[in-house]
Amino acid sequence: NNKPTPELADIIQLGNRDTSGINFSLAVRPVPTNSIAGIVRDSLNTRVPSRIALIPITRNIPTRYGHTDSLGAYSITAVEAGRYFVFAMPFSGYGAAYYKAGAYGVTRRQDADTVNLTGTLTNINVGVRRINSGGLTAVNGRIRSTGGANIAGVMVSAEDQAGELIGVGVTD
């Protein structure tokens, strides 16, 4: 139904239903020439291999994903122009974090900086914090809306009394 992104598209229920007559009309879109690059590192300048997500401010632009190389450097090309949050998800040993210039371990989107991606952006470096867990830890509970519905996909972080990150998780 002419939706611009997969996230907004209507779901087609299959099964014993006749699915003939479902047509797609695809418009040719120019390949964007915008790009973003940087590194993921901790406060000791240790580079941290991670997944990267470019999360758009507006819903009409799709989220883009990438990853760093083994030295924590990333470069994502052919990105649509717009304002984005940059989010790093380390493979192990560190908590996920949003980009904020000069900061480390920013876990809340509202505390993060956005980037206006037009042309080529470099040195968009995401600071992450090491998880300093002395052993196995477990925290459980639910994140709910004001109406009481469970909310999936919320990042939860746990810190000790000194503010050191000791665990991270995402709600299911």
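Note that the structure is predicted; figures quoted are calculated from it, not measured.
When all heavy atoms of G105 and A97 are compared, the pair lying nearest together is CA-CB, 4.0 Å. The two residues A53 and T63 make their nearest non-hydrogen contact at CB-CG2, 4.5 Å.
Residues in residues 85-105 take part in these salt bridge (charged side-chain N to carboxylate O under 4.0 Å, His left out) pairs, two or more places apart or across chains: K100-D113. The salt bridge (charged side-chain N to carboxylate O under 4.0 Å, His left out) pairs that include a residue from residues 64-80 are R29-E80, where partners are two or more places apart or lie in different chains. Counting only residues at least two apart or on different chains, no salt bridge (charged side-chain N to carboxylate O under 4.0 Å, His left out) pair has a member in residues 34-48.
Other residues sharing the hydrophobic cluster of I11, ordered by chain and number and joined by side-chain separations under 4.5 Å: none, the residue standing alone. Grouped by direct or indirect side-chain proximity (heavy atoms under 4.5 Å, Ile/Leu/Val/Met/Phe/Trp/Tyr only), I52 sits with I36, V40, V48, L54, I61, Y74, I76, V79, Y84, V86, Y94, Y99, V115, L117, L121, I124, V126, V128.
Residues satisfying the side chain to side chain contact (heavy atoms under 4.5 Å, CB included) test with S92, not counting sequence neighbours, are none. Residues that satisfy the side chain to side chain contact (heavy atoms under 4.5 Å, CB included) test with I143, not counting sequence neighbours, are I151, V154, V156, T171. For D10, the side chain to side chain contact (heavy atoms under 4.5 Å, CB included) test picks out N1, K3, with sequence neighbours left out. Taking T33 as the reference, nothing meets the side chain to side chain contact (heavy atoms under 4.5 Å, CB included) condition, with sequence neighbours excluded. Every residue meeting the salt bridge (charged side-chain N to carboxylate O under 4.0 Å, His left out) condition with R108, not counting sequence neighbours, appears here in chain and number order: D111. Remark: T58 pairs with N60 by the side-chain hydrogen bond (donor to acceptor under 3.5 Å, both in side chains) rule, at least two apart or across chains. Not a single side-chain hydrogen bond (donor to acceptor under 3.5 Å, both in side chains) links T107 to another residue, sequence neighbours left out.
In terms of modelled atom types and a separation under 3.5 Å, the side chain of T68 and the main chain of S50 share a donor-acceptor contact. At distances below 3.5 Å, at least one donor-acceptor pair connects side-chain atoms of N125 with backbone N or O atoms of I39.
When the shell of 6.0 Å around CD of Q110 is examined, it contains more than 12 heavy atoms from other residues, nucleotides or ligands.
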Worked verdict on I55 versus R109 for side-chain contact (heavy atoms from CB on, under 4.5 Å):
CA-CA 10 Å; I55 305 166; R109 188 180 294 185; 3.9 Å; yes
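Annotation: the span from I131 atom CD1 to R129 atom CZ amounts to 10.0 Å, rounded to 0.5 Å.
Using bins of under 30°, 30° to 60° and over 60° for the plane-to-plane angle, the ring pair Y98/F87 lands in the tilted bin.
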